[in-house]
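So the structure is just underneath, and the comments pick up after that.
Every chain is numbered from 1 and lettered A, B, ... according to where its sequence line falls, protein lines coming before strand lines. What you see below is based on every heavy atom in this structure, not just the backbone, and it leaves out hydrogens, waters and symmetry mates.
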Protein chains: 2
Amino acid sequence: MRSSDLSRLERLDAIAALLKDDAALTANGLAERLGVSLRTISRDLALLRDRGVPVEADRGRGGGLRLPRQWGVGRLSLTYREAVELLVSLAIAEQLPSPWLIANLAAIRRKLVASFAPSLKDKIAGLRSRILIGGSASAAVLESFSPLGPEISEALLTGFLEQRRVRLFYRDVAGRLTEREVEPQWLLLNTPVWYVMGWDHKRQAVRSFRCDRILEAHLTDVPFTLRPAREFDEAIADIRAIRP
Amino acid sequence: MRSSDLSRLERLDAIAALLKDDAALTANGLAERLGVSLRTISRDLALLRDRGVPVEADRGRGGGLRLPRQWGVGRLSLTYREAVELLVSLAIAEQLPSPWLIANLAAIRRKLVASFAPSLKDKIAGLRSRILIGGSASAAVLESFSPLGPEISEALLTGFLEQRRVRLFYRDVAGRLTEREVEPQWLLLNTPVWYVMGWDHKRQAVRSFRCDRILEAHLTDVPFTLRPAREFDEAIADIRAIRP
DNA sequence: AATAATACGCCATTTAATGGCATGTTTCTT
DNA sequence: AAGAAACATGCCATTAAATGGCGTATTATT
């Protein structure tokens, strides 16, 4: 069963893939399967080890090759958007009051951040601290809750991530319709309701917006810089106080 | 500024890394920087594209090479344990009632699962559905809550993931100390309290355990198989009913 | 129209990969 | 204790791939 000819790069990938299927494999078996000599497999293994794949070999009769159990996972390619969503999820999970199964999340987050382009790193590094997870929403809030449209969440999230101003059409508590120009600086979740907090340019003040009361959201090209956290203390406290 | 000689593999990595630093780069610049000819760079770019890296090129004066913004993220290598913790985090985030910024988590989860060895996939695929996120714990529960030791959570989590029986020393509601032999089949979070549900071999019945009342947990080598979900309906309802 | 960039085909040359063989080492079986 | 089955590594002739140089085509800007 010889596979069609593979370039060296492809063969390395193939070997790693075969080793992940923790069937008992010998170097000889690999050689036959990939249609190359034992010597070549041997060199490929050395190369894989050089490149950080922890191939383990049991010598002697009955031996063979394997990857350690810990190494179940190969390389994961994520798009920018997927990585960001992952970061948001991690932020949520990390802020749960009871992190027992997720002791190493910080390490994962570091790896994720490290894989971003340097120009994005700065923006992304502080992201986690600007997402707050509160408690559950009050019954009154729950009653009036409605899910968000994808365009709105897209615009808000992008504005939040890339620090760009967003133009909102908002229905406020009293039911009045207003247009705002907002820097989305913080996100807060009182399950299931998300809030955006930021500098409101029309009002020249920190304001918070219940996301499901936003009727339209349009991303602009105007960048903004982060304001000091303490400016938001009051707004955060306000939202949290909505709870019964 | 010529880097020390690189093998082709290394050069491909280097090019991808340089492109991630979205500095304006031309093929000629890369050639000088890496000490190879323009023709070689050109071929390397073709190779990268073959391997799925979406290198974009602007032709003409002022042009150059770049990766699209979306592509911030290269390849992420996670250990088995990290991947599992990531899956758990995803499960938690996905079960939040308001998933607006995390619409694509399912795609990420699929990629993650796909990167596992086939033999592990089965176990891991069903993992998410066996983690339940409830609401917040009641005041009464909160009062008696204490955080878990790392050894206990390690044993419980491993037992849950690898489907192996766990021996518990448990202080029950009445304060009695008992020893149990449990198959940890479900996890349930009423923030911040985790519960393990599973088949109790001493009692021959489904039982649930508040994790912070577990005094000791020892992993055994005895494997178990999953029981049908409906057997746990009652126990799940019970725990959820603890809330006020 | 000139220029600066990528894209790609061709070919001689250089370098790296390969196979074969020999040798050493570890571990299990008999 | 001997033998067999596995990995590890060195050496060398052979083969295949990568490289550089050149030419040409294409695209976008000035």
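Note on A/Ser37: every side-chain N or O is 4.0 Å or more away from OP1 and OP2 of C/dG20. Between A/Thr40 and C/dA17 there is no side-chain N or O to OP1 or OP2 distance below 4.0 Å.
Atom CG in B/Leu38 sits roughly 15 Å away from atom C1' in D/dA18 (whole-Å rounding). Put simply, CG on A/Leu9 is 16 Å from C1' on C/dT18, counting in whole angstrom units. The nearest whole Å value for the distance from the CG atom in A/Leu25 to the P atom in D/dA6 is 12 Å. In this structure, CG of A/Asp44 is placed 13 Å from P of D/dA8, rounded to the nearest angstrom. The nearest whole Å value for the distance from the CG atom in A/Asp50 to the C1' atom in D/dA8 is 14 Å. The CG-C1' distance, from B/Leu30 to D/dT19, rounds to 16 Å in whole Å. When rounded to the nearest whole Å, the span between CZ of A/Arg11 and C1' of D/dA16 equals 12 Å. As a whole-Å value, the separation of B/Leu12 CG from C/dA16 P is 15 Å.
Among the nucleotides C/dA5, D/dC7, C/dA7, the one closest to any side-chain atom of B/Arg49 is C/dA7.
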Reading 5' to 3' through nucleotides 22-30 of chain D, protein heavy-atom contacts under 4.0 Å coded B for base, S for sugar-phosphate only, - for none: B---BBBSS
Audit row: B/Leu86, B/Ile108, side-chain contact (heavy atoms from CB on, under 4.5 Å) steps and yes/no: CA-CA 10 Å; B/Leu86 202 48; B/Ile108 301 174; over 6 Å; no
Audit row: A/Phe169, A/Ile214, side-chain contact (heavy atoms from CB on, under 4.5 Å) steps and yes/no: CA-CA 6 Å; A/Phe169 291 92; A/Ile214 295 170; over 6 Å; no
B/Thr178 and B/Lys202: CA distance, side-chain angles, deciding distance, side-chain contact (heavy atoms from CB on, under 4.5 Å) verdict: CA-CA 10 Å; B/Thr178 53; B/Lys202 295 250 160 88; over 6 Å; no
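Between B/Ala57 and A/Leu47, the residue whose closest nucleotide on DNA chain C is further toward the 5' end is B/Ala57. Between B/Asn28 and A/Arg8, it is B/Asn28 whose nearest contact on DNA chain C lies nearer the 5' terminus.
At least one cation-pi condition fails for B/Arg227 and B/Phe232: the charged atom is not both under 6.0 angstrom from the six-membered ring centre and inside a 45 degree cone around its axis.
Contact between B/Arg165 and B/Thr220 at its shortest, heavy atoms only, is O-OG1, 2.6 Å. Contact record, B/Leu219 with B/Ala155: CD1-O, 3.6 Å, taken as the closest heavy-atom pair.
Of the candidates B/Leu161, B/Leu187, B/Leu168, B/Leu156 forms a side chain to side chain contact (heavy atoms under 4.5 Å, CB included) with just one, namely B/Leu168. The side chain to side chain donor-acceptor pair (under 3.5 Å) test with B/His201 singles out one residue from B/Arg167, B/Glu181, B/Glu183, and that residue is B/Glu183.
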Would you tabulate the nitrogen or oxygen pairs shorter than 3.5 Å linking the protein to nucleotides 11-15 of chain C?
none

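Nucleic acid contact class of A/Ser42 (heavy atoms, under 4.0 Å, all strands): base.
Between A/Asp13 and A/Leu9 the shortest side-chain heavy-atom distance does not fall below 4.5 Å.
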